[in-house]
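Each remark here refers to the structure printed beneath this line.
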Amino acid sequence: MNIFAAIKDAKVIRSVIIALLVLAVPLVGIGLYWGLDFASILLLLVVLAVVGFPVIMVVASIGAAVGLFGTHRANMKNIEKAGGEGAPLAELEKKRAKAQMGNLVFWVVTALASIGLGFAISPLTMIGVALVGVIVYVKWIMPMNAAVRSAFKQDIVGEAFRRAFTDVTYDHNQGFSRAELEEMDILYRFDGMDSDDWVDGQRNGLHFFLADLGTWNKHEHRDDDGNRRVEYEDLFKGQMIRIESERAYPAKLLVVSPGFSEIKGASGDLSKFLFGPGKNDVELESEAFNKRFDTYCADQVAARVVLPPGVMEELLHVGKLLSGDLAVIFVEKRVYILHGTRKNQFELKATGGKSMMEHQAELSEYVDLLANCLDCFRFTMIE
């Protein structure tokens with residue numbers, strides 16, 4: 001287990017519990033091998049929880065303190081690099097440094113409290129201290145981290161969009177609705193979704209909407225011992241763009257990277273559940289296009305109307321700009337672009353190691369990439 005990574009993701013308590021469970025499995029096995037009865041095995045597990053919890057918490061908390069101290073020192077240097085007192089990036093870096101110090105103090109106190117639990121082994125004491133720690137983290141530490149992320153969204157992410165696009169409305173809490181995804185009928189059978197970092201803007205007269213998007217399925221089953229298990233399967237994680245087209249398309253058409261399995265969420269022939277039975281895969285005149293993309297449409301003639309040579313050239317250019325999984329859907333007077341990056345492009349870890357300058361540079365590069373991509377969809381406009 002990488003404790004430092006767990007600390008930075010604010011999942012230490014869960015990591016400690018997992019560590020205890022991992023230790024409990026062989027302990028139960030040893031007890032069964034020795035022929036111990038249920039009460040004796042239960043006693044072993046209680047001892048493990050009472051003794052193991054403070055020990056593992058000490059290790060995790062010390063790891064957190066060391067890791068946060070290192071990133072805090074690095075970020076104090078980043079303040080000077082960002083322009084010193086008063087500069088927007090420097091002020092945001094100072095906010096993050098303050099949040100890091102708050103996290104550092106929390107984990108140092110947690111380590112000391114866990115050491116104290118080791119000398120006063122009492123289940124009630126351990127539970128009480130753990131509850132106090134959770135309350136402190138939820139009431140003070142989490143809001144502090146959230147404030148840094150919110151400031152990053154408004155000052156860095158919002159500004160990057162306003163620089164690349166015009167008439168921009170940015171709301172980091174809004175996203176695409178479930179109703180719209182279901183109406184698209186492309187991301188098949190997803191149980192849950194989240195979408196944020198909503199952008200409503202224009203690029204050279206082209207009206208578009210953009211947001212981060214993630215969908216998943218929930219699977220429940222019983223294991224060999226009859227216990228209920230819940231597993232989550234990620235279907236899609238990346239960005240979605242909706243372009244308001246001035247042209248109406250005669251048939252629903254999908255252009256997708258080969259192997260983009262997340263978009264369908266099920267095994268089998270993609271075209272069958274999208275368009276029904278029959279021949280739905282389309283072979284176009286461009287060999288380069290057929291090699292880069294799979295194309296599906298229920299109407300072969302309409303497919304060639306939607307994708308004339310000039311449009312295929314533009315989509316090939318988009319495929320070069322946006323590496324990895326890519327899908328473009330034409331439906332009525334809308335064009336959807338799904339870019340499977342497998343991550344949220346616009347998030348900041350409040351206690352992360354990268355400087356604000358590095359985050360700003362990476363974000364600007366990606367937004368410029370999206371702007372160049374949108375320039376390729378001017379064919380949706382009526383000249």
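Note that these values count all heavy atoms, side chains included, but never hydrogens, waters or copies made by symmetry.
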Residues in side chain to side chain donor-acceptor pair (under 3.5 Å) with Asn204, at least two apart?
Asp375

Val311 vs Val306, test: side-chain contact (heavy atoms from CB on, under 4.5 Å). Steps then yes/no.
CA-CA 8 Å; Val311 172; Val306 176; over 6 Å; no

Has Glu365 got more than 12 heavy atoms of other residues, nucleotides or ligands less than 6.0 Å from its CD?
no

Any non-hydrogen side-chain atom of Ile337 less than 4.5 Å from a side-chain atom of Phe377?
yes

When you measure from the side chain of Ser195 to the backbone N and O of Phe176, does any donor-acceptor pair fall under 3.5 Å?
yes

Quick check: does any side chain N or O of His207 sit under 3.5 Å from a backbone N or O of Asp200, one acting as donor and the other as acceptor?
no

Least distance between heavy atoms, Ser286 atom then Leu316 atom
OG-CD1, 4.4 Å

Heavy-atom side-chain contact between Phe208 and Val199 under 4.5 Å:
yes

How many angstroms lie between CG in Asp212 and CD in Glu347, if you round to the nearest 0.5 Å?
7.0 Å

Any pair counted as salt bridge (Lys or Arg N to Asp or Glu O under 4.0 Å), so long as it reaches residues 164-178, sequence neighbours left out:
Arg178-Glu182

Give, for atom SG of Cys373 and atom CG of Asp368, the distance between the pair rounded to the nearest 0.5 Å.
12.5 Å

Could you check if a side-chain atom of Leu307 sits within less than 4.5 angstrom of a side-chain atom of Phe330, using non-hydrogen atoms only?
yes

Mark yes or no for whether Asn217, through its side chain, and Asp191, through its backbone, hold a donor-acceptor pair below 3.5 Å.
yes

Output for pair (Thr295 OG1, Leu284 CG), nearest 0.5 Å, gives 5.0 Å

Hey, what do you get for CH2 (Trp216) to NZ (Lys237), rounding to the nearest 0.5 Å?
8.5 Å

For the backbone of Ile329 and the side chain of Arg334, can you confirm whether one donor and one acceptor N or O come within less than 3.5 Å of each other?
no

To the closest 0.5 Å, what do you measure between OH (Tyr232) and CD (Glu220)?
7.5 Å

Pairwise side-chain contact, Val305 with Tyr249, heavy-atom cut-off 4.5 Å (strictly under)
no

Any residue meeting side chain to side chain donor-acceptor pair (under 3.5 Å) with Arg292, in chain and number order, not counting sequence neighbours
Ser257

What I'd like to find out is whether the side chain of Asp196 reaches to under 4.5 Å of the side chain of His172, using heavy atoms alone.
no

Using side chain to side chain contact (heavy atoms under 4.5 Å, CB included) as the criterion, list what pairs up with Gln345, not counting sequence neighbours.
Gln239, Thr341, Lys343, Tyr366

Indicate the atoms forming the closest heavy-atom contact of Ala327 with Leu254, along with that distance.
CB-CD1, 4.3 Å

Backbone of Ala251 reached by a side-chain donor or acceptor of Asp299 within 3.5 Å
no

What's the shortest heavy-atom distance between Val367 and Ala160, and which atoms?
CG1-O, 3.7 Å

Minimal heavy-atom distance between Leu206 and Thr380, with the atoms involved, is CD1-OG1, 3.2 Å

Excluding sequence neighbours, so at least two apart, what forms ring-ring contact (aromatic ring centres under 6.0 Å, His included) with Tyr336?
none

The side chain to side chain contact (heavy atoms under 4.5 Å, CB included) partners of Ala361 (sequence neighbours excluded) come to none

Apply side chain to side chain donor-acceptor pair (under 3.5 Å) to Glu332 and list each qualifying residue two or more places apart in sequence or on a separate chain.
none

Going by the rule side chain to side chain contact (heavy atoms under 4.5 Å, CB included), which residues pair with Glu231 if we only count those two or more places apart in sequence or in a different chain?
His221

Parallel, tilted or perpendicular: which fits the ring planes of Phe289 and Phe293, with parallel below 30° and perpendicular above 60°?
tilted

Show me the pairs that pass ring pair (Phe, Tyr, Trp, His ring centres under 6.0 Å) and involve residues 297-329, at least two apart or across chains.
none

Test: salt bridge (Lys or Arg N to Asp or Glu O under 4.0 Å). Region: residues 132-143. Which pairs qualify, not counting sequence neighbours?
none

Provide the closest heavy-atom pair for Met193 versus Leu213 in the form atom of the first, atom of the second, distance.
CE-CD1, 4.0 Å

Which atom names give the shortest non-hydrogen contact between Val328 and Leu315, and what distance separates them?
CG2-CD2, 4.3 Å

Strictly by salt bridge (Lys or Arg N to Asp or Glu O under 4.0 Å), give each pair with a member in residues 300-317 just once, sequence neighbours left out.
Glu285-Arg304

Quick check: do Asp325 and Arg342 have side-chain heavy atoms less than 4.5 Å from each other?
yes

Passes ring-ring contact (aromatic ring centres under 6.0 Å, His included), Phe346 versus Phe161? Steps please.
CA-CA 11 Å; Phe346 314 116; Phe161 285 125; 5.3 Å; yes

Applying side chain to side chain contact (heavy atoms under 4.5 Å, CB included) to Ser364 and not counting sequence neighbours gives Arg163, Gln360

Note, Leu374 side chain near Leu210 side chain (heavy atom, < 4.5 Å)
no

